[in-house]
There are 4 protein chains.
Amino acid sequence: MNKTANADEPLTRGHKKRERTRQGLIDAALRLFARKEVGDVALLEVANEAEVASGTVYNYFRTRDEVVEAVGLALADEFADTISTLSIGVDSGSRRLSIGVRMFIRRAIADPDWASAVIRVVHLDQAIRSKIANQVLADLRAGIEEGAFSYADENIALDLVVSCGVGGMRAVVEGRQVEDHDIKVAEMVLKALGTTPARARKLAQQKLPG
Amino acid sequence: MNKTANADEPLTRGHKKRERTRQGLIDAALRLFARKEVGDVALLEVANEAEVASGTVYNYFRTRDEVVEAVGLALADEFADTISTLSIGVDSGSRRLSIGVRMFIRRAIADPDWASAVIRVVHLDQAIRSKIANQVLADLRAGIEEGAFSYADENIALDLVVSCGVGGMRAVVEGRQVEDHDIKVAEMVLKALGTTPARARKLAQQKLPG
Amino acid sequence: MNKTANADEPLTRGHKKRERTRQGLIDAALRLFARKEVGDVALLEVANEAEVASGTVYNYFRTRDEVVEAVGLALADEFADTISTLSIGVDSGSRRLSIGVRMFIRRAIADPDWASAVIRVVHLDQAIRSKIANQVLADLRAGIEEGAFSYADENIALDLVVSCGVGGMRAVVEGRQVEDHDIKVAEMVLKALGTTPARARKLAQQKLPG
Amino acid sequence: MNKTANADEPLTRGHKKRERTRQGLIDAALRLFARKEVGDVALLEVANEAEVASGTVYNYFRTRDEVVEAVGLALADEFADTISTLSIGVDSGSRRLSIGVRMFIRRAIADPDWASAVIRVVHLDQAIRSKIANQVLADLRAGIEEGAFSYADENIALDLVVSCGVGGMRAVVEGRQVEDHDIKVAEMVLKALGTTPARARKLAQQKLPG
DNA sequence: CATGAATGAGACTTCATTCAT
DNA sequence: TATGAATGAAGTCTCATTCAT
């Protein structure tokens, strides 16, 4: 359609604005999911929160479900990024896993709204869970390699890590946070995965990168 | 509201039927929650499923939310009953806890619809979680007493048990079940709580009562 | 559902009212179709015209299209009735056909709103056309039997009768009515079908029953 | 509105392209009317079909209705042209009329999409009908002059010709086409207009020009 | 108490139209 | 002029809730 279009820079001018609006809608939805169950958020609210007209939403998403899906994808991508970044320079799988669990809980402490939204979206969106899974699996296997872990079933271990991570975030959101919450959860998770108590404690308490 | 009601003897005749209808509605709602998110279940569907007219629902519940709440309460009560029953004749806290976790997962295997509904309701209903908590807390403390457990924080331990139990049920519902799923989850939970690996394995594999 | 229901009288009490409301909606829609193209009539208008709330429409029709369809069916049934009634005591096919054509045009003259709606619905609704077709076909064949008609193709003859009937109604609705409009159209139709001019004129001018 | 426009020579450069775009929009709309009722065609669809952006439509038409109107006008003009062309070298009114009716039906056979669109636009657009009327009227009168026709009312005759022509097109579009459909319709129309059966048959079967 | 028709608020979605680029 | 994002009115449809029977 664009006679002079060029595959390298398809994100010029209008595209930037378009992308900004789209992101604004996703952010707005996420903010609302912090306060309300996903199914209770009306698209008009999203539009208002994003400061656009109701119809504008439909220039970016064909249907309500697509909005939710987009939020899920955005979260999943963000998760993947976060975990990747955290892992840079950490060679041990068990340590990466500990760091990962702790960081999510610490972020929940720092931004409970974000955490609340995450919990709700994760509950609905199977896709987001499997995106996280890939990262965690790698750490689990590395942990096995390095002799830090020992468990009967990889998939169950995976579920346990995710469940406990989300559970920790939920505790924070619901005001049941305790001191060193992240460390304590990580320690228990490591023990569940077969790390010895002493090592688990030490691992869980290690200073976080950054 | 009850013109002549009186707390003692009004449980005759009509009352039995009344109670049956009410329970029928709650059961119907629970069946529907197995298939759909709570917010997506219309009261008319509940009425149809319970084989009463739409208006009848309002003879038992003032509002839609009350129906959901009642389902939550019913589940919580059932949980408490189940756990109490299981505990009869089991003197060890760690063993009771292991049995509890396993029984919930086994029930999920036997009745995935029930499990699906439970997962959804538990997600929404804070009250149901604290009801379970009471039972679990007792077991945790007994486990500490008997030297089987060792953890940094009771509340976190509690969250972990519940998270992993629900996580196990979710795995089953989503078709990620593995062999001896209940045993493997219980084993990991016990290790997280500080039980030694050998003892955790043995405890988790013990024959279930009944 | 109705324990004491009885197949003979399923239209008791509530049913009567239900039927009345339903008919009221169909009538309301028909009145509106007289003024506006079918696609331009909003269901809320129908509800207002029928003096019920907007939601009530959906207690009777699942979707907008079902309303239109119901109007089409109602019209088709009415047509069939009208034609049947007219045919009572008229033994000649050609005469029945002439009467039929004339009656529709006369009704258009008497009630142009009705005619306007009919023209619009007929345009959209294939079903209504085939309902009429059955009646007309019988008359065409009888006309052939009695030697009054002579044409190359039955289906084309059918189309012609319907087209000219509707065309006559349209002329009336659009204010192009002339004296003895019904008679003149009928006469031409009869000639088209192969009736001799003299006989056509006589047939078309015969006194109408009733 | 046209700053420097002037009825004579502004048809240079950009104007050609302008005219082409405008025509492209009209053609696009017509193609869409083949598939959907006029009221169900969105302007955005028209723009897409014409391969222009949605806003561009408004450089050529002030409003949606103007687009529909333009389609109607374009069709009417095309009709007039077609009929004029057909009439060249045909001196008899009755023959011209027969040719006209047949050509429309044959075109419907050759291009049912076009026919479908025509039927829909004709239904809505009174203007288009009167444009055709002028041409037909001339033929009717000529037919009277030459003694081929004999009918009670000119306006009714006109309606009949148009109704049957459109009816024939509709039959084709709806898949009820028969062999020599055009000839058979023409023959019946001629008889309706008072042509003797023998002459009607001969006239209707005459070879078409071109 | 049971019924189910009626209600109307509110959600979703579409689309003609405007306007900055 | 062309573009396409933004707008918001309007329509479709759902459903919790009320109420007469």
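A, B, ... follow the sequence lines: proteins, then strands. Residue 1 opens every chain.
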For dC12(E), the Watson-Crick or wobble counterpart (both distances under 3.5 Å): dG11(F)
Interatomic distance, Leu32(B) CG vs dC15(F) C1' [rounded to whole Å]: 15 Å
Assigned partner base of dA2(E), Watson-Crick or wobble definition, under 3.5 Å: dT21(F)
Atom CD of Gln126(D) with >12 non-hydrogen neighbours under 6.0 angstrom: yes
Short side-chain donor-acceptor distance under 3.5 Å, Glu37(B) and His123(A): yes
First encountered from the 5' end of DNA chain F, between Ala42(B) and Gly55(A): Gly55(A)
d(CZ, Phe61(A); P, dC12(E)) in whole Å: 14 Å
Listed nucleotide nearest any side-chain atom of Leu43(A), set dA6(E), dA2(E), dC12(E): dC12(E)
Assigned partner base of dA16(F), Watson-Crick or wobble definition, under 3.5 Å: dT7(E)
Short side-chain N/O contact to dA16(F) OP1/OP2 from Thr63(B), under 4.0 Å: no
Within 45° cone of Phe61(A) ring axis and under 6.0 Å: Arg22(A) NZ or CZ: no
Between P of dA5(E) and CZ of Arg18(C), the distance in whole Å: 4 Å
Candidate nucleotides dT7(E), dG8(F), dT3(F), ranked by approach to the side chain of Ala53(C) - the nearest: dT7(E)
Protein-nucleotide distance (Asp40(A), atom CG; dG10(E), atom P), rounded to Å: 14 Å
Value in whole Å for how far the C1' atom of dT3(E) lies from CD of Glu51(B): 15 Å
Distance in angstrom units between Leu44(C) CG and dG10(E) C1', rounded: 14 Å
Of Val52(D) and Ser54(C), the one whose closest DNA chain F nucleotide lies more 5': Val52(D)
5' precedence on DNA chain E between Arg64(D) and Glu45(A) (nearest-nucleotide basis): Glu45(A)
Partners passing side-chain contact (heavy atoms from CB on, under 4.5 Å) against Asp77(B) (at least two apart in sequence or in another chain): Lys131(B)
Gap between atoms CG and C1', on Asn48(C) and dA6(E) respectively (whole Å): 15 Å
Phosphate OP1/OP2 of dT7(F) contacted by Thr56(A) side-chain N/O (<4.0 Å): yes
Heavy-atom closest contact (Gly24(B) atom, Ala50(B) atom, distance): O-CB, 3.8 Å
Closest contact, heavy atoms only, Asp40(C) versus Glu45(C): O-OE2, 3.5 Å
Under 3.5 Å donor-acceptor pair, Asn59(A) side-chain atoms to dA5(F) base atoms: no
Tyr58(C) side-chain N/O to dT14(F) phosphate OP1/OP2 under 4.0 Å: no
Distance, rounded to the nearest Å, where Arg22(A) contributes CZ and dG4(F) contributes P: 18 Å
Touch class at under 4.0 angstrom, heavy-atom based, for Tyr60(D) against every strand present: sugar-phosphate
Below 4.0 Å: OP1/OP2 of dA6(E) and any side-chain N or O of Thr21(C): yes
